[in-house]
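What you are looking at is a predicted structure, and each value in this text was computed from that prediction instead of being measured.
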Amino acid sequence: METQFSQLSQHLYVHHGHVNTGILCDGDRALLIDPSGATLRTTLTELGITSVAQILFTHHHRDNTADFPITDDVRVGVPKKEASWFAEVETFWNDSQYRWHLYNYHPHNLMLANAISVTDTYTEGAQIAWGPASLTVLETPGHTDGSVTYLIDVDDKRFAFSGDLIYDEGKLWELYSLQKGQQTSDYHGFLGARDELKESLEKVRQASPTALIPTHGVVMNDPDKTIDTLLERLAYCYDKYVSISALRHYFPQIFTEFEGRPGHMPIREGKPPPEYLRHFGTTWIIISENGEAFVMDCGSPNVIKQIQQLQADGEISEVTQFWVTHYHDDHVNAIPEFQETFPCETITDTVVAQVITNPIGFRLPCISPAVTRADRITQDGDSWQWNEFTMTAYHFPGQTYYHGGLLVEGRGVRMFFGGDSFTMAGIDDYCSGNRNLLGADVGYEKCLRLIQELEPTHIFNCHVDPAFDFTDAEIACMLDTLAEREKCYTELFPWDHANYGMDEHWVRCYPYEQEIAPGETVQFRVEITNHSHEPRTATAQPVLPASWNVEVAAGEITIPPRTDGHIGFSVPIPQHCGALGRIVIPIDLTYNARPLGQFREAIFVLS
């Protein structure tokens, strides 16, 4: 077997599995940093290690903590700020605030499936003497709120095991873990943890390490250059985000330092909507000449009362059609009550329908448990007549991939209802969890090309009272910026396309959550988006509870370029499968020959 480790000094090695594991040797015993994966045991044997005395973890993510057995006699040290996410992780999985209405994401990704017992917790400046080395703990938040770096002084050198602060020179493992609110919720905080990340990298730099060893990535022997390149790229990438961000309309105070920068699209003036429209909360209403109402979205019971008041005032007669723009909770929370109150036809795009008719099958930002009845599911470009207006529906993957757009033509205007996809300042792509894909004919590029083709006289956002439009020059500016983003963000990640580092859901399970019963066989699939321009092969395997004594074979698929594929699994549930409650089923994934460890999960609920 090919050697999977490298030697940094006489007593210090790094095992290169799906993550890097530090191995500090003292004779035949070892201290490990971020041990994970079955191949680590082979390396320890090759190095003559017969006992692991101590384990340290840099942060709480599952991919750097799973698949390595920890015996009761091993001391386990973790960042104090994340201790509960190791020792009491079931509190995360059982708390509904981490399942529904997700606006804050800390913690948010790759939580442990099962708790790990902790013996030691560390804060800034903690000292650990072990064998031939001394270790110092630095608190280095960014990738997670409580991440730490372990400085190891050994053999007259200093090494920094820096977690996932940096992957390589100028590169990050992924971007979505940096989603964090500053003056707002995490939902609005695209790259919001970049300042913390910068401060942490500077702290590591000031410690003057010989080399940086990341959890994901390569050993870096020139820390100054690697950090400088990353900070320069991050600043450039963030500028390309801000330059056309719709968030400038909502929260201009966040972006004062960017005012007047060249290449930033000016914020456009609004225009009054036609007089036969009404706007309540996130709901737009079109009133026909015959008094009928066409309603879009219903996030609050107050909207129902407003519609009833319009009826009482004689402004409308009845609601005859209802359109759902996208799945976010502030647009769908009150739909069940709306559908009981107004028994009209509900229409939505086919991609949106997947989520709103079965929300338990998904884990996405701002998701609501409210279940919507969909009477008509539209395909891209479907048209129909509603009174004097022609309606044309589109898949409109703007603010979120699970989003529709509606062109309404009549009375001399062409109105485009784009949900939350635009403001006068640009595009609403401030949450990486929404799947704002980069590239030709996907994401906002697809949306802007459609707007360019349709030439609406009015564009509507569900949160904004005025209508607006974009000039040809403004559309060209946004398209050019998106093309540049595709290039500069791809440079930021160790992948062949930016979307792997930006799309948290490029691998996902469907259904994400389902109820199970002893003795039955349940089905689910691992869905994978190939963002590359070549075919990619993926192998996935569910990691079932050891107590079940059930094995499910790995599945494999080759996915064509820029398409979705899936691997299906049938899981027999044993008659004696443990206590009632939620069971986390991690998915071990290998993609394009790159092992990713326990990369995503499904949830089984035993009831």
Side-chain angles (χ1 to χ4, degrees), residues 8 11-15 19-26 29-36 40 52-66 68 70-89 91-92 106-107 110-112 114-154 157-166 177 193 196-197 199-216 223:
L8 302 182
H11 295 92
L12 186 61
Y13 299 80
V14 178
H15 169 76
V19 296
N20 294 317
T21 297
I23 305 171
L24 180 61
C25 301
D26 182 23
R29 67 188 193 119
L31 176 150
L32 305 181
I33 299 176
D34 286 346
S36 180
L40 174 57
V52 174
Q54 192 161 352
I55 287 174
L56 306 178
F57 290 113
T58 59
H59 61 292
H60 70 269
H61 282 169
R62 182 173 69 239
D63 56 344
N64 59 283
T65 57
F68 183 79
I70 301 175
T71 56
D72 292 340
D73 58 338
V74 177
R75 298 198 69 82
V76 176
V78 305
K80 185 174 183 179
K81 291 180 179 177
E82 297 191 348
S84 63
W85 302 130
F86 286 89
E88 302 168 11
V89 72
T91 61
F92 172 88
H106 290 253
L110 291 174
M111 300 297 290
L112 297 183
N114 300 291
I116 294 176
S117 296
V118 171
T119 57
D120 306 294
T121 60
Y122 302 119
T123 57
E124 175 75 20
Q127 300 287 318
I128 306 165
W130 196 89
S134 61
L135 292 80
T136 303
V137 179
L138 302 181
E139 292 185 350
T140 50
H143 181 68
T144 70
D145 287 347
S147 291
V148 299
T149 292
Y150 296 105
L151 299 175
I152 300 183
D153 289 293
V154 64
K157 296 179 180 179
R158 169 172 284 184
F159 301 93
F161 285 79
S162 54
D164 279 322
L165 286 180
I166 187 170
S177 289
E196 282 181 304
L197 185 76
E199 291 172 6
S200 294
L201 288 168
E202 293 293 357
K203 182 187 288 189
V204 172
R205 186 210 301 265
Q206 290 167 15
S208 301
T210 306
L212 302 180
I213 303 91
T215 301
H216 291 92

Just wondering, do [Y] and [X] contact through their side chains at under 4.5 Å, heavy atoms?
X: Leu24; Y: Trp130; answer: yes
X: Val204; Y: Pro209; answer: yes
X: Pro79; Y: Phe86; answer: yes
X: Leu32; Y: Ile23; answer: yes
X: Gln54; Y: Ile128; answer: yes

**OP:** Identify the two heavy atoms, one from Pro107 and one from His60, that lie closest to each other, and give their separation to 0.1 Å.
**Re:** CB-NE2, 3.7 Å
Original post:
What's the shortest heavy-atom distance between Pro141 and Leu165, and which atoms?
Top reply: O-CD2, 4.1 Å
**OP:** For Glu202, enumerate each residue passing the salt bridge (charged side-chain N to carboxylate O under 4.0 Å, His left out) test, keeping only those at least two apart in sequence or located in another chain.
**Re:** Arg205
Examine distances only and state if a side-chain atom of [X] and a backbone atom of [Y] form a donor-acceptor pair shorter than 3.5 Å.
X: Thr119; Y: Val76; value: yes
X: Arg29; Y: Val52; value: no
X: Ser36; Y: Ala66; value: yes
X: Arg158; Y: Ala207; value: yes
X: Ser200; Y: Gly142; value: no
X: Thr21; Y: Asp34; value: yes

**OP:** Begin from the C-alpha positions of His216 and Asp63 and carry the test side chain to side chain donor-acceptor pair (under 3.5 Å) through to its verdict.
**Re:** CA-CA 10 Å; His216 291 92; Asp63 56 344; 3.1 Å; yes
**OP:** Name all residues meeting the side-chain contact (heavy atoms from CB on, under 4.5 Å) criterion together with Lys81; count only those two or more places apart in sequence or in a different chain, and write none if there are none.
**Re:** Glu139
**OP:** Would you mind telling me which of Asp145, Thr65, Thr91 makes a side chain to side chain contact (heavy atoms under 4.5 Å, CB included) with Trp85?
**Re:**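 Testing Trp85 for a side chain to side chain contact (heavy atoms under 4.5 Å, CB included) against Asp145, Thr65, Thr91 leaves exactly one candidate, Thr91.
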